[in-house]
Number of protein chains: 2
Amino acid sequence: MARKVGRRGGNIVTIHDVARHVGVSPMTVSRVINGEKNVREETRAKVMASVEALNYSPNLAARSLATQDSARIGLLYSNPSVAFLSEFLLGILSESSQSGAQLLIESCEGPEGATAALEKMKAAGCDGVILSPPLSDSTRVAKILQDMKMPFVGVAMARPDPNVSCVTIDDFKAAGAMTRRLIELGHRDIGFIKGHPNAYASQIRYDGFAAAMEKAGLKIDPGHVAQGYFTYRSGFDAAERMLSQKVRPTAIFASNDDMAAGAVASAHRLGLEVPEKLTVVGFDDTAMASSVWPELTTVRQPISDMAGLSVRLLLDQIKGHRSGRPFEAVREVRDFSLIERQSSADIGSASS
Amino acid sequence: MARKVGRRGGNIVTIHDVARHVGVSPMTVSRVINGEKNVREETRAKVMASVEALNYSPNLAARSLATQDSARIGLLYSNPSVAFLSEFLLGILSESSQSGAQLLIESCEGPEGATAALEKMKAAGCDGVILSPPLSDSTRVAKILQDMKMPFVGVAMARPDPNVSCVTIDDFKAAGAMTRRLIELGHRDIGFIKGHPNAYASQIRYDGFAAAMEKAGLKIDPGHVAQGYFTYRSGFDAAERMLSQKVRPTAIFASNDDMAAGAVASAHRLGLEVPEKLTVVGFDDTAMASSVWPELTTVRQPISDMAGLSVRLLLDQIKGHRSGRPFEAVREVRDFSLIERQSSADIGSASS
DNA sequence: AGCCTGTTTGTTAGCGCTACCAATCTGGCA
DNA sequence: TGCCAGATTGGTAGCGCTAACAAACAGGCT
């Protein structure tokens, strides 16, 4: 029977076309594109050349069908800063579409609402779950997932848990580095706006700040430390209080960009120019940081990369889970970096 | 030969399991889950029941392999407001993962950078492209795609083009509705911050505003119309100028939320309480609108829905393209809505 | 009843890829 | 030279699903 000319109108290049073009079997081509060893270097090169020439790219549907490792992964998030979510999604998305994983997205209200969302994911046949902060730090959520025997990976986890795989930066070091930078700029009285109390990262970032201050022999004015909730409004309010006191800090370090933006707004309202009269710095380097004015000096967390990596870790873990390989938690620590923009300045130009 | 117990450890429910459970052929089950007609109601019900009972959910990889309509679609965006992008992505993502489409994301700097990005997509084997604003309005980008014979769909297109499929809201009506609402609140002198000149939507929104003003018999003070660029900073600057004049508007209508947020910041800096002394409203209802304080009154565009719909339209178009069906542009217009939050108030409480 | 049309169901084959095993080829060593 | 371990390649089957066709069944007509 004459082979159907493909039910699609097009002329899609398959692995067979490449094989024929090179003069080897499809299997060999498969090995090459999957980077397996035991292929002669010469053959590999020829195949590669043909892949290039024919502009072949593997059909992911067919691959995941064949390998049976197509996975459905769930992404659970709860009211993170939207800018954070956006970056996060980009990373998750691009990685999961590359690896042919199906994605299921659910949001919930804090750790309490997680149970229902996770049940739903389980029912939908999810093979694993990715947790965005602050869920990733919730022992409660972790417990639920462990009871379900559902593989999961936490992103931006601050609470080190030897039984949980995660991708993070070193929040302690990062906060310390930013603090040292502020000190270097001449600031002595530095205010701090803490993050949401249910996020462990909040605590760690404060600790990093406090440690750096102490090491520099500087005292932290208790009136210059405020509780925030990672929201713009909470940063605004915290700064409002802090800046209405008799003695004002010359710099404010907010635990995320949204709060820093709120603090800038508050400073403007009180007639304090940023950075001339007040330095304000944030954390995360989300889009918020570069969309307000002045643009924020902040700690960059490679959120998108971290999210992508978390997908890979999760898929790996799911594979292991299926094959019965004993679970082994992985902790990947990414590098942070300091991004200096216009919201910070040398104390020289400020007056307390 | 004993059938392998599935190469995966698990016990995944397949269409065969359902078929066996009901006592029909897999094909019938397939028909039911795809909502085809010509299945007896009774049979359909039984199948549905089993699908529920076994918690079956189809393997998308297998489906797209079989139907051959697995498509690779590209998403091209260029510096939109990040909040917009985030919502946009959510819609695209959830729809494309549901329909098993592969996604390729590229960004570019304005319409000029689009050529390279599109070439790259073409090389990567994309079957179609989704354009986010303001690219969707670029005749230049449209031309390139048409020359490539690449199907594409524009989202939030303001320029009506009978040859291009798109999903939009009626920007003219939306801007008019918000304007009327402001007038209803007693505002007579309303300032307007225009969007980026390269986005056609900017023009349309202004036209809608102007038309509503004229219809109400109100004059637009030319000094109260400013050019913006959809960025926070541009909104801030525009408001700064507008509010430093002798006669100030009692309300400012910004063409997007980022600029509205900038305007609020500027008002605060000048000591004008929002909304007591000045009403500020935005457009889009992105996350920015509810993350600043006071939260913004704005025009809601169902971005996520629109994005999802655009994926469906594109897949449809790709299918048609493959089967040689002549191209027919589709224009889907979604409903907008007015969201009243804390940044707008009755003129009663304001004084000009 | 016998024929025909339209509806409902089943059968077969194959989408593009890779796991698994069999076949072939290399080179080293006795 | 002959034999064997290891490296390299190929063949076969099947992942879960659905297009296309074939078969079985209903009901309306002469």
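Every chain is numbered from 1, with letters handed out A, B, ... down the list of sequences. Computed from a predicted structure; not experimentally measured.
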What integer distance in Å separates [X]:[atom1] from [N]:[atom2]?
X	N	atom1	atom2	result
A/Arg40	C/dG27	CZ	C1'	13 Å
A/Glu36	D/dA7	CD	P	14 Å
A/Arg72	D/dG16	CZ	P	13 Å
A/Leu65	D/dG14	CG	P	14 Å
A/Gln68	C/dG16	CD	C1'	14 Å
B/His16	C/dT12	NE2	P	12 Å
A/Asn38	C/dA23	CG	P	19 Å
B/Ile15	D/dC15	CD1	C1'	14 Å

Looking across every strand, which nucleic acid part, if any, lies under 4.0 Å from A/Thr43 by heavy atom: base, sugar-phosphate, or nothing? sugar-phosphate
With respect to the phosphate group of [N], does any side-chain polar atom (N or O) of [X] fall under 4.0 Å of OP1 or OP2?
X	N	answer
A/Asn59	C/dC17	no
A/Ser25	D/dG11	no
A/Ser30	C/dT18	yes
B/Thr14	D/dG16	no

Ion pair check, [X] and [Y], cut-off under 4.0 Å:
X	Y	answer
A/Lys319	A/Asp316	no
B/Arg334	B/Glu332	yes
B/Lys143	B/Asp147	yes

Nearest-0.5 Å distance, CG of residue B/Leu104 to CG of residue B/Asp127: 11.0 Å
Judged by each residue's nearest nucleotide on DNA chain D, which is more toward the 5′ side, B/Pro58 or A/Gly23? A/Gly23
For the side chain of [X], counting heavy atoms from C-beta on, which of [options] is nearest?
X	options	answer
A/Tyr56	D/dA19, C/dG10, C/dC17	C/dC17
A/Ile33	C/dG10, D/dT9, C/dT18	C/dT18
A/Ala66	D/dC21, D/dG10, C/dC17	C/dC17

Where each residue is assigned the nucleotide of DNA chain C containing its nearest heavy atom, which of B/Ala62 and B/Thr28 is assigned the position nearer the 5′ end? B/Thr28
With B/Val18, the side chain to side chain contact (heavy atoms under 4.5 Å, CB included) member among B/Val24, B/Thr28, B/Val51: B/Val51
